[in-house]
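This is the structure I have questions about; it appears just below.
Here the structure is a predicted model, which means the values were calculated and not measured.
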Amino acid sequence: MKNLIVKSVDVLGSSIMAAKDKDGHIWAGVNYFCNALGMTKNQRDVQVEKVQYDKTLSKGCGKFPAGVFDKNNEAVGIRLDFIPMWLAKITITKKMEKEHPELADKLLEYQLKAKDILAAAFLPQQPARPLSVSEYALLHKIFRKK
């Protein structure tokens, strides 16, 4: 896996290892997500397996050699556009809310925000440009009616 840009990204207070490949795809380490969510080793193992063998999720799964996400071990990554689908497949049950409320709360936040945070870490920041006269006039017209 040459030409990767690898970085640690703060996602809602936790560090997620992510990489951008030469084709512009952004990948995130599955184990890092699971650790950030507070999953047990068994729960992490289930998710790593799910990402690899689920009919849909496997289309966005990649294996990365030691040194990319984990300095000593091969790691499973999931492509950015598959992250919301993967996280949505982890059901927040009543049992989870009762027995692991912190996991349930954090999972909901990740389901809603993680993809956008990771994407922003790799996308160039666009400076705000001034409005053109026609854009300003249109906005003025729209907001004056309210």
Side-chain angles (χ1 to χ4, degrees), residues 1-132 135-136 138-140 142-143 146:
M1 291 256 149
K2 295 180 179 179
N3 300 324
L4 288 176
I5 299 168
V6 181
K7 58 173 79 173
S8 176
V9 180
D10 183 294
V11 178
L12 303 170
S14 296
S15 180
I16 304 288
M17 289 303 293
K20 184 175 179 181
D21 66 22
K22 64 180 174 46
D23 296 322
H25 295 293
I26 298 170
W27 300 83
V30 173
N31 261 330
Y32 282 88
F33 262 98
C34 295
N35 287 335
L37 289 166
M39 291 184 177
T40 64
K41 181 182 180 336
N42 184 52
Q43 290 169 322
R44 284 193 313 268
D45 292 346
V46 167
Q47 291 306 314
V48 169
E49 188 148 321
K50 180 191 268 187
V51 167
Q52 293 177 84
Y53 300 107
D54 178 273
K55 189 168 185 89
T56 305
L57 296 177
S58 64
K59 306 277 188 239
C61 174
K63 286 203 176 178
F64 293 81
V68 175
F69 292 132
D70 182 325
K71 66 179 181 178
N72 299 315
N73 300 301
E74 179 180 79
V76 172
I78 186 163
R79 210 171 70 201
L80 182 67
D81 47 335
F82 284 79
I83 290 173
M85 185 185 322
W86 166 49
L87 293 174
K89 285 186 171 213
I90 305 173
T91 305
I92 301 171
T93 63
K94 293 289 182 194
K95 181 178 178 181
M96 181 192 290
E97 289 177 320
K98 183 178 179 183
E99 294 178 8
H100 306 282
E102 63 290 333
L103 172 59
D105 291 344
K106 202 161 193 181
L107 178 57
L108 178 60
E109 256 193 298
Y110 270 58
Q111 288 171 333
L112 297 172
K113 301 175 184 173
K115 176 187 172 276
D116 294 332
I117 293 169
L118 281 166
F122 287 93
L123 298 176
Q125 301 301 313
Q126 298 295 324
R129 65 170 178 78
L131 294 176
S132 69
E135 290 169 325
Y136 179 79
L138 178 62
L139 285 173
H140 182 69
I142 292 169
F143 288 106
K146 292 185 177 187

Problem set entry | Minimum heavy-atom distance L87-Y110, with the two atoms named |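 Closest heavy-atom pair between L87 and Y110: CD1-O, 3.6 Å.
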Exercise. How far does CG of L107 sit from CZ of F33, to the nearest 0.5 angstrom?
Worked result: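 Nearest 0.5 Å value for the CG-CZ distance: 10.5 Å.
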For this session: List the steps, then state whether side-chain contact (heavy atoms from CB on, under 4.5 Å) holds for Q52 with S58.
Result: CA-CA 5 Å; Q52 293 177 84; S58 64; 5.9 Å; no
Problem set entry | pair V30-W86: side-chain heavy atoms closer than 4.5 Å |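 They are in contact (side-chain heavy atoms under 4.5 Å apart), so the answer is yes.
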Exercise. Is any side-chain heavy atom of Q43 closer than 4.5 Å to a side-chain heavy atom of L103?
Worked result: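 Q43 reaches L103 side chain to side chain.
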Problem set entry | Point-to-point distance, once rounded to the nearest 0.5 Å, from NZ of K95 to NZ of K98 |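 If I round to the nearest 0.5 Å, the distance is 10.0 Å.
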Exercise. Any donor and acceptor pair, going by atom type alone, linking the side chain of R44 with main-chain N or O of N31 inside 3.5 Å?
Worked result: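 It does not hold such a pair.
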Exercise. Looking at N72 and A66, what are the two nearest heavy atoms and their distance?
Worked result: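 Here N72 and A66 meet closest at C-CB, 3.7 Å.
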For this session: Drop me the distance from D21's CG to R79's CZ, to the nearest 0.5 angstrom.
Result: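 Those atoms lie 9.0 Å apart.
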For this session: Any chance you could measure F122, atom CZ, to L80, atom CG, to the nearest 0.5 Å?
Result: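 F122 atom CZ to L80 atom CG measures 9.0 Å (nearest 0.5 Å).
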Problem set entry | Straight-line distance of I78 CD1 to L57 CG, nearest 0.5 Å |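 Going from the CD1 atom of I78 to the CG atom of L57 covers 5.0 Å.
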For this session: Decide whether a cation-pi geometry holds between K59 and F82; the criteria are a distance under 6.0 Å from NZ or CZ to the six-membered ring centre and an angle within 45° of the ring axis.
Result: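 That pair does not qualify as a cation-pi contact.
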Exercise. Is there a donor-acceptor pair under 3.5 Å between the side chain of K106 and the backbone N or O of A36?
Worked result: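 Yes.
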Exercise. Any donor and acceptor pair, going by atom type alone, linking the side chain of Y32 with main-chain N or O of F69 inside 3.5 Å?
Worked result: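 Flag set: sc Y32 to bb F69 pair under 3.5 Å.
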For this session: Would you name the heavy atoms of A119 and I26 that are closest together and state the gap between them?
Result: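 Here A119 and I26 meet closest at CA-CD1, 4.1 Å.
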For this session: Could you pull out the closest heavy-atom pair between A104 and M96, with the gap in Å?
Result: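 For A104 versus M96, the nearest heavy atoms are CA-SD, 3.8 Å.
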Exercise. More than 12 foreign heavy atoms under 6.0 Å from CD of E74: is that the case here?
Worked result: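 Count over threshold, so yes.
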Exercise. Shortest non-hydrogen contact from Q47 to C34?
Worked result: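 Smallest interatomic distance, heavy atoms only, reads CB-SG, 3.7 Å.
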Exercise. Of the non-hydrogen atoms in Q111 and I92, which two are nearest, and what is the gap between them?
Worked result: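 Smallest interatomic distance, heavy atoms only, reads OE1-CD1, 3.5 Å.
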For this session: Measure the shortest side-chain to side-chain distance between I90 and M39 over non-hydrogen atoms and say whether it is less than 4.5 angstrom.
Result: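 In short, these two side chains touch, coming nearer than 4.5 Å.
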Exercise. Hey, what do you get for CG (D116) to CD1 (I83), rounding to the nearest 0.5 Å?
Worked result: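 These two atoms lie 10.5 Å from each other.
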Exercise. Is the closest side-chain donor-acceptor distance between T56 and K89 under 3.5 Å?
Worked result: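 K89 and T56 do not have a side-chain donor-acceptor pair below 3.5 Å.
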Exercise. So, D23 side chain and H25 main chain: donor-acceptor pair closer than 3.5 Å or not?
Worked result: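 Side chain of D23 to backbone of H25, a donor-acceptor pair under 3.5 Å: no, none is there.
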Exercise. Can you tell me if K7 uses its side chain to pair, donor with acceptor, with the backbone of A121 under 3.5 Å?
Worked result: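 Yes.
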